[in-house]
*Asks:* 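I'd like to ask some things about the structure below.
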Amino acid sequence: MNNADIAHAFEELADLLELRGENAFRIRAYRGGAKAILELTEPVADILADPSRELTSFAGIGATLAEKCAVMVAQNCLPQLDELRAKTPPVLLKMTRIPGLGAKKAALLVQELGIESLEELRQACQEGRVQKLKGFAAKTEQQILAGLEIAEAASQRLRIDQGESLVFRLRSHLQACTSIEQLEFAGSFRRGRETVGDIDVLVVSQNANEVMDRLESFPGRVSTTLRGDTKMSIRVDDQFQVDLRVVPAESFGAALQYFTGSKEHNVAIRGRARKLGLTVNEYGVARLDAPEEYIAGRTEEELYAALGLQWIAPELREGRHEIEWAEQGAAPHRLVELGDIVSDLHMHTTATDGGNTLEEMVAAARSRGLLYIAITDHSKRVSMARGLDETRLLAQWQQIDAFNARQSDGFRVLKGIECDILESGPMDLPNEVLAEADWVIASVHYGQKQSRVQITDRILGALRNPHVDIIAHPTGRLLGARPAYDVDLQAVFEAAAEQGKALELNASPRRLDLSEENLLAAVKHGIPIAINTDAHSIEGLDVMRYGVQQGRRAGLEPQQVINTWSLETLLQWLEHE
DNA sequence: GCCGTTTTCGGCCCGACTGTTTTCAGTCG
């Protein structure tokens, strides 16, 4: 089992233990362990095999988890997990997807009524058998019936761009409410996760009722699942959840911090507060001996400062090492920002499957403040996109040379190509042609179902080609649509580092490839990252912001990102690479 | 199950809302 498998096993173990009503801290320990394993930059098996090293030296992995890792590496399975799976009715997990139904109530339903499927649960509700149980009544039964539809709609996560468009709609709707003094979207959206599970809206207002009424009239609302004095939840299209919280102005920073999360980050923050004799909630920071008197909370900076910490960028708040960093003033000095980006090194034109001409793409890039770009149309293997053969490519490059010669402001178009790595291994275009390019991207588009060894060998072969500068979308995943191909990224990272090549962070919200975890690992290998839009039209250039945010989540500083470099720096790097 | 500058046992973040309760447990974020 590899690290991802082990982490996944611990996650599943935590889920199952939770369903069984186990100790919450034990469950947290398994989740923490899963996270720690995912962050390792080398295989667990290698660490176990090295007698001079201990898995327990990593925070979050104790004797028990280390032992279980050893079992999984040796036996390729975890007997305890198999046992737990066998004795946990599969319907339990499905039932907890029903809002308001947690582990305890679900277990009671299974135990008392012998429920084995969501359909049986529906029948039991319709026949009034649920409300006869202790702790249940007519209202709960109705809630379960209504919730069944939500569980079945599977209220999946939205991609960040889909979440963003919902945020725009909510913002413009809520802005009409005059009693709103401040409005911020928090949660995983603010942290810039690649997908969001719900939208969290934080509002400062003297009149919470008016704000809630306004949200109630949101055109996309299908139901209101909860409404109290300061807190409200609605369901919008496809049962997606939106949470609203109204707080006083003096608590805005504390509430924003709390509402932004992540859960793990908040647990760590509050644990740290306790060690300092303080307590933190969404209203502010207070001393443990005077919990009513808030000493900080108007802004996030104030809250973090009260805990002796630098402000932490939302993208880093995942309960990893960000608190240690902030404590030691060792956070990434400055995370990359959209304003740092001066180039885009992967885009297409009408020569292949793009929607705009070279001139139009350049004009759009210029207007977005870029100083240079690379035109990288497809190579001939991508016949559906009318990929370029040698002749057409050389003609395009002549066109680019002529275009560059006409520019007086120093804007430069690099002669590039997104060259396929053929199923059989070699590059789609001959080396003599690639040698003439300024910038060569190598991509896997075909044969994505090949074996791990085959795909890895293809990519390693491309990295060894002296003309290849970078591998695009290194895992080929499409969020929610297509899984990554089976590739040994560890080997890819090592080869890229050794050959001095770059890797792409494809900024398209459908890809965001490399993923955050893989990006973290790549950066630890010292590999330069290019954040590219892979634009197929002028509008496609605007996805850069998603890529930048993903990069920030991995702690990328500007100098680690090729697109922040001046053209001279890039050209120098290309020569020595 | 993890962890340690009040340490190897006894803590472990905190509050809102709901339903079924006569004071609180369960759920959620």
*Asks:* Below the 4.0 Å mark, does dG26(B) have OP1 or OP2 next to a side-chain nitrogen or oxygen of Lys105(A)?
*Replies:*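 False: Lys105(A) side-chain N/O out of range (4.0 Å or more) of dG26(B) OP1/OP2.
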*Asks:* Using the side-chain heavy atoms of Leu65(A), tell me which of these nucleotides is nearest: dG1(B), dC17(B), dC13(B).
*Replies:* dG1(B)
*Asks:* Is a side-chain donor-acceptor pair under 3.5 Å present for Asn281(A) with Tyr294(A)?
*Replies:*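 There is such a pair between these side chains.
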*Asks:* Would you say a side-chain N or O of Arg28(A) is under 4.0 Å from OP1 or OP2 of dC13(B)?
*Replies:* yes
*Asks:* Say you pick atom P in dT20(B) and the same atom in dT27(B); how far apart are they, in whole Å?
*Replies:*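 The answer is 13 Å between these two P atoms.
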*Asks:* With C1' as the reference atom in both, quote the distance from dT6(B) to dT23(B) in angstrom, rounded to an integer.
*Replies:* 35 Å
*Asks:* Whole angstroms only, please: what is the CD1-C1' distance between Ile199(A) and dC28(B)?
*Replies:* 17 Å
*Asks:* Heavy-atom nearest nucleotide on DNA chain B for Thr96(A) versus Met232(A): which residue maps closer to 5'?
*Replies:*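 Looking at DNA chain B, the more 5' nearest nucleotide goes with Met232(A).
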*Asks:* Give a yes or no on whether a donor-acceptor pair under 3.5 Å exists between the nucleobase atoms of dG29(B), that is its base, and the side chain of Tyr258(A).
*Replies:* yes
*Asks:* If I take atom CD1 in residue Ile144(A) and atom C1' in nucleotide dG19(B), what distance separates them, rounded to the nearest angstrom?
*Replies:*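 After rounding, the reported distance stands at 12 Å.
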*Asks:* Just call it for Leu133(A): base, sugar-phosphate, or nothing, with non-hydrogen atoms closer than 4.0 Å on any strand.
*Replies:*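 Touches nothing.
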*Asks:* Using a heavy-atom cut-off of under 4.0 Å over every strand shown, decide if Ile269(A) touches base, sugar-phosphate, or nothing.
*Replies:*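 Since no nucleic acid heavy atom lies under 4.0 Å of Ile269(A), the category is nothing.
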*Asks:* Below 4.5 Å, heavy atoms only, C-beta onward: do Arg270(A) and Thr279(A) meet side chain to side chain?
*Replies:* no
*Asks:* Please determine if a side-chain N or O atom of Gln241(A) lies less than 4.0 Å away from the OP1 or OP2 oxygen of dG29(B).
*Replies:*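 Result: yes.
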*Asks:* Looking only at atom P, what distance separates dC14(B) and dT8(B), rounded to whole Å?
*Replies:* 23 Å
*Asks:* What's the gap between dG19(B) and dG1(B) when it is taken at their C1' atoms, as a whole Å value?
*Replies:*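 Straight-line distance between the two C1' atoms is 33 Å.
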*Asks:* Which is true for Gly32(A) with a 4.0 Å heavy-atom rule: it touches a base, it touches only sugar-phosphate, or it touches nothing?
*Replies:*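 Contact class for Gly32(A): none.
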*Asks:* Toward the 5' end of DNA chain B, which comes first, Phe136(A) or Thr279(A), by nearest nucleotide?
*Replies:*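 Its nearest nucleotide lies further toward 5', so the answer is Thr279(A).
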*Asks:* Less than 4.0 angstrom between a side-chain N/O of Arg245(A) and OP1 or OP2 of dG15(B), yes or no?
*Replies:* no
*Asks:* Searching all strands shown, indicate the nucleotide that pairs with dG10(B) (Watson-Crick or G-U wobble; both distances under 3.5 Å).
*Replies:*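 Pair assignment: dG10(B) / dC3(B).
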*Asks:* May I have the distance from Lys139(A) (atom NZ) to dT18(B) (atom C1'), rounded to whole angstrom?
*Replies:*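 Distance check: Lys139(A) NZ to dT18(B) C1' gives 8 Å.
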*Asks:* Quick one: do the Arg169(A) and Ser172(A) side chains pair a donor with an acceptor below 3.5 Å?
*Replies:*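 Not at all, the side chains of Arg169(A) and Ser172(A) share no donor-acceptor pair under 3.5 Å.
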*Asks:* Whole Å only: how far is the CZ atom of Phe259(A) from the P atom of dG15(B)?
*Replies:* 16 Å
*Asks:* Would you say Gln143(A) reaches dT18(B)'s phosphate, i.e. side-chain N/O to OP1/OP2 under 4.0 Å?
*Replies:*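 No, outside the criterion.
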*Asks:* Just to be sure I understand the rule, does Ala59(A) reach a base, reach only the sugar-phosphate, or reach nothing, if contact means heavy atoms closer than 4.0 Å?
*Replies:*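 Sugar-phosphate: the residue Ala59(A), judged by heavy atoms under 4.0 Å, touches backbone atoms but no base.
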*Asks:* When all nucleic acid strands are considered with a 4.0 Å heavy-atom cut-off, which category describes Ile27(A): base, sugar-phosphate, or nothing?
*Replies:*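 Nothing, no heavy atom under 4.0 Å.
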*Asks:* Using atom C1' of each nucleotide, how far apart are dT18(B) and dC12(B) to the nearest Å?
*Replies:* 27 Å
*Asks:* What is the nucleic acid contact for Ala103(A), judged by heavy atoms within less than 4.0 Å: base, sugar-phosphate only, or nothing?
*Replies:* sugar-phosphate
*Asks:* Classify the ring geometry of Phe189(A) against Phe185(A): parallel below 30°, tilted from 30° to 60°, perpendicular beyond 60°.
*Replies:*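 Plane angle over 60°, so perpendicular.
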*Asks:* Indicate yes or no: at least one non-hydrogen side-chain atom of Asp5(A) is less than 4.5 angstrom from one of Met72(A).
*Replies:* no
*Asks:* How far, in whole Å, is dC17(B) from dG10(B) if one measures between their C1' atoms?
*Replies:* 31 Å
*Asks:* Is any NZ, NE, NH1 or NH2 atom of the basic residue among Glu557(A) and Arg334(A) found under 4.0 Å from an Asp or Glu carboxylate oxygen of the other?
*Replies:*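 Judged by the 4.0 Å cut-off on N to carboxylate O distance, Glu557(A) and Arg334(A) do not form a salt bridge.
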*Asks:* Asp243(A) and Gln241(A): side-chain donor and acceptor closer than 3.5 Å?
*Replies:* yes
*Asks:* Within less than 4.0 Å of OP1 or OP2 of dC28(B), is there a side-chain N or O belonging to Ser233(A)?
*Replies:*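 Result: no.
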*Asks:* Applying a 4.0 Å non-hydrogen cut-off, can you work out what Asn281(A) is touching in the nucleic acid: base, sugar-phosphate, or nothing?
*Replies:*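 Sugar-phosphate, backbone atoms only, no base.
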*Asks:* Remember a base hit wins even if backbone is also touched, and classify Gly135(A) as base, sugar-phosphate or nothing at under 4.0 Å, heavy atoms.
*Replies:* sugar-phosphate
*Asks:* For Leu307(A) and dC13(B), what is the distance between atoms CG and C1' respectively, to the nearest whole Å?
*Replies:* 12 Å
